[in-house]
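Along the sequence shown, residues are numbered consecutively beginning with 1. Below, all heavy atoms of this structure are taken into account, side chains as well, without hydrogens, waters or symmetry copies.
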Amino acid sequence: MIAIRQIEQVVTDTVTIRLPTHFAARRVEVIVLPLEEDKPEQEQIQRLLLTAPISSENDLQGFTQVREWMNQWTVSAF
């Protein structure tokens, strides 16, 4: 079975679906769902940032210690 999912524009209460040439079925089931409009990218990023978890100074202290420890490493060619 071949399933096709595509987004089409409604023009004057009509939707036209073009099938690939290799599509052999003569009867199909069509389900039409309204597509939610995407919010502008800037609004999506702002929502993401506002709902993101916040790290405290204590949370970051462990990362700072590991970074300082790693900065002391030296690389020797072998």
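- Within the model, atoms CD of Glu68 and CG of Asn71 stand 7.5 Å from one another, a figure rounded to the nearest 0.5 Å.
- In the hydrophobic clustering of ILVMFWY residues, with side-chain heavy atoms under 4.5 Å counting as a link, Val28 and Ile17 come out together.
- Here the closest non-hydrogen pair linking Leu35 and Ile7 is CD2-CG2, 3.5 Å.
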**Prompt:** Does the side-chain contact (heavy atoms from CB on, under 4.5 Å) test come out yes or no for Arg67 and Thr64, once each step is laid out?
**Reply:** CA-CA 5 Å; Arg67 184 181 62 210; Thr64 304; 3.9 Å; yes

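- In the hydrophobic clustering of ILVMFWY residues, with side-chain heavy atoms under 4.5 Å counting as a link, Val15 and Phe23 come out together.
- Between the CG atom in Leu49 and the CZ atom in Arg47 there is a gap of 10.5 Å [rounded to 0.5 Å].
- Taking OG1 from Thr51 and CD from Gln46, the interatomic distance works out to 10.5 Å, rounded to the nearest 0.5 Å.
- The neighbour count for Gln6 CD, taken as heavy atoms of other residues, nucleotides or ligands under 6.0 Å away, is above 12.
- Linking ILVMFWY residues whenever their side-chain heavy atoms come closer than 4.5 Å, directly or via other members, places Leu19 and Val30 in the same cluster.
- In the hydrophobic clustering of ILVMFWY residues, with side-chain heavy atoms under 4.5 Å counting as a link, Ile4 and Val32 come out together.
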